[in-house]
**Student:** 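Mind having a look at this structure? Questions to follow.
Throughout, protein chains are lettered first and strands after them, A, B, ... in sequence-line order, and every chain is numbered starting at 1.
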Amino acid sequence: MKLDLSFYQHPEVTRVAKALLGKVLFTQVGGQTTSGMIVEVEAYSHIEKGCHAYGNKVTGRNKVMFLEGGHCYVYLCYGIHHLFNVVTSKAGVGDAVLIRALEPGQGLDVMMERIGATSPRRITSGPGKLTRAMGIDRGLNGTLLSGPDVWIGDGIKVGKGAILADARIGIDYAGKDAKLPWRFSIKGNEWVSK
DNA sequence: TAGAGGATTGAT
DNA sequence: TCAATCCTCTAC
């Protein structure tokens with residue numbers, strides 16, 4: 001069951017980020033269907049420096065972030081890794097949630113083959129790896145999560161007490177905004193990134 | 001048009 | 001701790 005696009009259009013990006021924990025991300029790429037439960041996310045809002053949309057600056061790369069909630073924002077980092085984000089809020093705002101880790105579900109053998117792993121352990125534990133495992137690349141940038149290629153479905157319910165909030169990773173350049181506790185994960189889940 | 005740097009990862 | 005690796009943004 002795909003989530004309704006209104007799910008993503010809530011004005012508080014941190015609330016959508018927490019609500020995404022326990023949901024299941026599906027992709028259908030190259031005729032192969034893969035899925036994984038979301039266990040770790042980070043929220044990014046246009047009001048803070050860690051975000052590509054900071055200062056309402058629209059560029060060729062980040063323009064997808066200013067579409068309405070429910071779009072995919074996929075971009076290349078360090079020339080090597082694709083990172084997968086879900087745009088939230090209304091059109092013109094510039095908020096998004098980065099998916100950092102999944103617990104593998106359907107299509108395990110396909111994901112292992114894409115990573116080149118022989119064991120399912122840690123094949124989706126990190127934002128760059130999960131996109132490779134799921135077959136996500138920039139061809140999906142700007143697509144809608146209600147489409148046939150990538151979507152998010154209902155999963156398990158994660159209670160407030162089971163959510164761990166921490167500082168985000170790899171954005172030291174953002175100054176004090178780097179300390180915002182906007183990384184959310186499912187407490188004790190073994191698939192969370194290290 | 002050139003130069004710098006990045007929401008990462010895996011090897012040293 | 002550091003290199004891989006290339007796209008994006010900024011400054012000239």
**Student:** Does NZ belonging to A/K63 count more than 12 external heavy atoms closer than 6.0 Å?
**Tutor:**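 Result for NZ/A/K63: open.
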**Student:** To the nearest 0.5 Å, what is the distance between CG on A/D95 and CD1 on A/I47?
**Tutor:**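 Reported value, rounded in 0.5 Å steps: 7.5 Å.
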**Student:** What's the CD-P distance between A/E40 and B/dA7, to the nearest Å?
**Tutor:**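 So the two atoms are 16 Å apart, to the nearest Å.
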**Student:** Is the base of B/dA7 touched by the side chain of A/H81 through a donor-acceptor pair closer than 3.5 angstrom?
**Tutor:**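 Such a pair does not exist between side chain and base.
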**Student:** Near DNA chain B, counting only heavy atoms under 4.0 Å, which residues of residues 11-23 of chain A show up?
**Tutor:**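 Nucleic-acid contacts, sorted: none.
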**Student:** Do the side-chain N and O atoms of A/S193 and A/S125 include a donor-acceptor pair separated by under 3.5 angstrom?
**Tutor:**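 Note: A/S193 and A/S125 side chains miss the donor-acceptor criterion.
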**Student:** State, with a plain yes or no, whether a side-chain heavy atom of A/Y8 is found less than 4.5 Å away from one of A/V87.
**Tutor:**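 Sidechains of A/V87 and A/Y8: no contact.
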**Student:** Return the stacking result for C/dA4 and A/Y78: yes when the ring centres lie under 5.5 Å apart and the planes under 30°, no otherwise.
**Tutor:**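 By the stated criterion, A/Y78 and C/dA4 do not stack.
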**Student:** Any base atoms under 4.0 Å from A/G79, or only sugar-phosphate, or nothing? Heavy atoms, all strands.
**Tutor:**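 Counting heavy atoms under 4.0 Å across all strands, the contact made by A/G79 includes a base.
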**Student:** With a 3.5 angstrom cut-off on both distances, give the Watson-Crick or G-U wobble partner of C/dT10, or none if there isn't one.
**Tutor:**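 Here C/dT10 is engaged in a pair, and the nucleotide opposite it is B/dA2.
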**Student:** Looking at the rings of A/H52 and A/Y75, which for Trp means the six-membered one, are their centres under 6.0 Å apart?
**Tutor:**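 Yes.
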**Student:** Rounding to a whole Å, what distance do you find between A/Y173:OH and C/dT8:C1'?
**Tutor:**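 The answer, rounded to whole Å, is 13 Å.
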**Student:** Nearest to the side chain of A/K129, which nucleotide is it out of C/dC7, B/dA7, B/dG10?
**Tutor:**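 Selected nucleotide: B/dG10.
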**Student:** Do the charged groups of A/R168 and A/E48 touch, with an N to O distance under 4.0 Å?
**Tutor:**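 Yes.
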**Student:** Would you mind reading off the distance between A/L76 atom CG and C/dT8 atom P, rounded to a whole angstrom?
**Tutor:**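 Answer to the nearest Å: 8 Å.
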**Student:** If we take the P atom in both C/dT5 and B/dA2, what is their distance in whole Å?
**Tutor:**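 Per the computed distance, 22 Å lies between those P atoms.
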**Student:** Within the pair A/Y73 and B/dA7, is there a side-chain N or O less than 4.0 Å away from OP1 or OP2?
**Tutor:**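 Looking at the OP1 and OP2 atoms of B/dA7, neither is under 4.0 Å from any side-chain N or O of A/Y73.
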**Student:** On a heavy-atom basis, which atom in A/Y173 and which in A/K49 lie closest, and how many Å separate them?
**Tutor:**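 Heavy atoms only, the tightest pair is CE1-O, 4.0 Å.
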**Student:** I want to verify a distance call: between C/dT8, B/dT8, B/dA7, whose nearest atom is closest to the A/M65 side chain?
**Tutor:**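 For A/M65, the side-chain atoms sit closest to B/dA7.
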**Student:** Send over the distance from A/R132 CZ to C/dT5 C1', rounded to a whole Å.
**Tutor:**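 So the two atoms are 14 Å apart, to the nearest Å.
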**Student:** When the nearest nucleotide of DNA chain C is assigned to A/R138 and to A/I80 on a heavy-atom basis, which residue is associated with the more 5' position?
**Tutor:**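 In this pair, the answer is A/I80.
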**Student:** Could you state the atom-to-atom distance from CD1 of A/I136 to C1' of B/dT8 in whole Å?
**Tutor:**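 To the nearest whole Å, that distance equals 15 Å.
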**Student:** For A/R100, answer base if it contacts any base atom (sugar-phosphate contacts may also be present), sugar-phosphate if it contacts only those atoms, and nothing otherwise; contact means non-hydrogen atoms under 4.0 Å.
**Tutor:**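 Sugar-phosphate, no base atom in range.
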**Student:** Quick check for you: among C/dC7, B/dA7, C/dT10, whose closest atom lies nearest to any side-chain atom of A/K57?
**Tutor:**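 Closest nucleotide to the A/K57 side chain: C/dT10.
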**Student:** Rounded to whole Å, how long is the line connecting atom CZ of A/R114 with atom P of B/dT9?
**Tutor:**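 My rounded result for the distance is 18 Å.
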**Student:** Is B/dA7 paired to anything, Watson-Crick or G-U wobble with both distances less than 3.5 Å, and if yes, which nucleotide?
**Tutor:**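 Here B/dA7 is not engaged in any pair, so there is no nucleotide opposite it.
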**Student:** Whole angstrom is fine here: how far is it from CG in A/L98 over to C1' in B/dG6?
**Tutor:**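 Those two atoms, CG and C1', are 13 Å apart.
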**Student:** Reckon A/G50 touches a base, only the sugar-phosphate, or nothing at all at heavy-atom distances under 4.0 Å?
**Tutor:**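 It contacts base atoms.
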**Student:** What integer distance in Å separates A/L130:CG from B/dT9:P?
**Tutor:**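 Distance, rounded to whole Å: 8 Å.
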**Student:** So is A/R100 actually on top of A/F84's ring, under 6.0 Å and inside 45° of the axis?
**Tutor:**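 Checked: cation-pi criterion not met.
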